[in-house]
A.B. asks: 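One structure coming up, written as structure tokens, with questions to follow.
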Amino acid sequence: MKLIIDTDPGTDDAVAILIALAHFTNDEILGITTVAGNVKVDVGTRNALRILEHAGRNEIPVFEGEAEPLERELETAEWVHGTDGLNFVPFPEPSKEAEGSGAVEFLRDTLENSDERITLAVLGPMTNIGKLIRDFPNTKNKIEKIVFMGGGAGMGNHTPVAEFNILVDPEAADIVLSSGVPLVMMGLDVTHQAISTKERIERIVATGSETGKLLSGLLGSLLDIEIVKQKFPDGTPVHDAFVTAYLVDNTLTTGEVVNVEVETESKLTIGQTVVDVNNISGRHPNVHWMNKVDDEKLFSIITKTSELLK
Ligand code: BDR
Ligand code: CA
């Protein structure tokens, strides 16, 4: 597999990236592209570099992406991920900088010049990918599939019906959802089913590795947020981890191929993913929408990550 990770790191993005680093080689991970979302894009870029520094994987290039959504003002989520984006979990300072070219340019050149199709793991707002597909539609043919964290059927986490990644850039999500590229959706439907309980975090720490300590910091860091605590008293979801864990083991989740569209206009429901779970719209099924998860499997993959990376 050839993989590019598009991300707004972010505590759960960090978990997702560590999973990928543990299970895939530098030949498989062609690059990391960053996008504005949880934090401003320069902070996210630095975090991507810090994660690679920790894992000793600086050969993987990082490309800074879009600083603003396609048509809207950026909304960030420092209240969830901290002003540094990693909730002050002590990743090292980076010794390397991002590459000179931007994310969309890298995605375009890499896809255009690749003999094989490339999988995109999308962990943040879809601005980079939406812009790529809008401006360079031919690159679609080189995308094997897009596995993304975003949306939910009838539920949200930043509004009653909108999930953060989709809410930040609904126009970009609309381009991706209507692109015809094979799409796998890891929405709140599955991410809310796998919780980082104390026992699971202890299992990760028991591996004794530095990565285990960092993972436990990341997984535990949301526990003190009041609104999260009310909904998830026993631990928190690890949204983005689903994307890379699924690439490690595609039996992690199961679902159905259905139509998913995004609301881009209504004040009340902007950013809602309308998931046609009962297949009643007659619209074309465009998304492999995941709705069941083997939650133990997710945490085994995270524990394994901590063993493999040391
Ligand atoms: C998504 O929003 C971000 O805060 C997380 O990193 C994740 O990608 C969850 O709604
Ligand atoms: Ca994210």
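No hydrogens, no waters, no symmetry mates; every other heavy atom, side chains included, goes into these values. Just follow the structure's listing: the first ligand is 1, and inside any ligand the first atom is 1.
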A.B. asks: Give me the residue, atom name and distance of the protein heavy atom closest to atom 6 (O) of ligand 1.
C.D. replies: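 Nearest neighbour among protein heavy atoms for atom 6 (O) of ligand 1, to 0.1 Å: D12 OD1, 2.6 Å.
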A.B. asks: At under 4.0 Å between heavy atoms, which part of H81 makes contact with ligand 1: side chain, backbone, both or neither?
C.D. replies: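 For H81, only side-chain atoms sit under 4.0 Å from ligand 1.
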A.B. asks: Give the atom name of whichever N/O/S atom in D240 sits closest to the Ca ion (ligand 2).
C.D. replies: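 Of all N, O or S atoms in D240, the Ca ion (ligand 2) lies closest to OD2.
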A.B. asks: Between T127 and E66, is there a side-chain donor-acceptor contact under 3.5 Å, judged purely by atom types and distance?
C.D. replies: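 Not at all, the side chains of E66 and T127 share no donor-acceptor pair under 3.5 Å.
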A.B. asks: List ligand 1 atoms under 4.0 Å from M149, heavy atoms only on the residue side.
C.D. replies: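 Going through ligand 1 atom by atom, the ones under 4.0 Å from M149 are 1 (C), 7 (C), 8 (O), 9 (C).
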A.B. asks: For the Ca ion (ligand 2), does an N/O/S atom of L123 lie at less than 3.0 Å?
C.D. replies: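 Of the N, O and S atoms in L123, at least one lies under 3.0 Å from the Ca ion (ligand 2), which means yes.
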A.B. asks: Closest heavy-atom contact between G44 and P9?
C.D. replies: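 Closest approach of G44 to P9, heavy atoms only: O-CG, 3.4 Å.
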A.B. asks: State the atom name: nearest N, O or S atom of D8 to the Ca ion (ligand 2).
C.D. replies: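 Minimum-distance N/O/S atom of D8 relative to the Ca ion (ligand 2) is OD1.
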A.B. asks: For a quick check under 3.5 Å, do D234 and T197 share a side-chain donor-acceptor pair by atom type?
C.D. replies: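 Judged by distance alone, the side chains do not pair up.
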A.B. asks: If I compare all heavy atoms of R50 with all of F91, which pair ends up nearest, and what's the gap?
C.D. replies: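 What the structure gives for the nearest pair is NH2-O, 3.0 Å.
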A.B. asks: Under 3.5 Å, is there a donor-acceptor pair linking the side chains of N291 and D189?
C.D. replies: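 Their side chains do not contain a donor-acceptor pair, so the 3.5 Å distance test is not met.
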A.B. asks: Looking at L298, V238, D295, which hits side-chain contact (heavy atoms from CB on, under 4.5 Å) with R200?
C.D. replies: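 Among the candidates, only D295 passes.
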A.B. asks: Give me the residue, atom name and distance of the protein heavy atom closest to atom 8 (O) of ligand 1.
C.D. replies: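 Scanning the protein heavy atoms, the shortest distance from atom 8 (O) of ligand 1 goes to D240 OD1, 2.6 Å.
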A.B. asks: Would you say T251 and K297 are linked by a side-chain donor-acceptor pair, where the criterion is simply a distance under 3.5 Å?
C.D. replies: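 Distance-only check passes for K297 and T251.
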A.B. asks: Which of the atoms of ligand 1 are close to E163, meaning less than 4.0 Å from one of its heavy atoms?
C.D. replies: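 Those atoms are 1 (C), 2 (O), 9 (C), 10 (O).
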A.B. asks: Do any N/O atoms on D8 end up under 3.5 angstrom from N/O atoms on ligand 1?
C.D. replies: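 There is no such contact.
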A.B. asks: Classify the side-chain pair D13/T7 by whether it contains a donor and acceptor separated by less than 3.5 Å.
C.D. replies: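 There is such a pair between these side chains.
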A.B. asks: Check if D13 has a non-hydrogen atom at a distance under 4.0 Å from any atom of ligand 1.
C.D. replies: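 Yes, D13 has a heavy atom closer than 4.0 Å to ligand 1.
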A.B. asks: With heavy-atom distances below 4.0 Å as the criterion, list the atoms of ligand 1 near L123.
C.D. replies: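 Matching atoms, with element in brackets: 8 (O).
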A.B. asks: Measuring only between side-chain heavy atoms, which start at C-beta, is Y246 closer than 4.5 Å to M290?
C.D. replies: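 Of all side-chain heavy-atom pairs linking M290 with Y246, at least one is under 4.5 Å.
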A.B. asks: Give the atoms of ligand 1, by number and element, whose distance to some non-hydrogen atom of N157 is under 4.0 Å.
C.D. replies: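 Heavy-atom distances to N157 below 4.0 Å select 9 (C), 10 (O).
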A.B. asks: Among protein heavy atoms, which lies nearest atom 3 (C) of ligand 1, and at what distance?
C.D. replies: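 Going atom by atom, the protein heavy atom closest to atom 3 (C) of ligand 1 ends up being N38 OD1, 3.1 Å.
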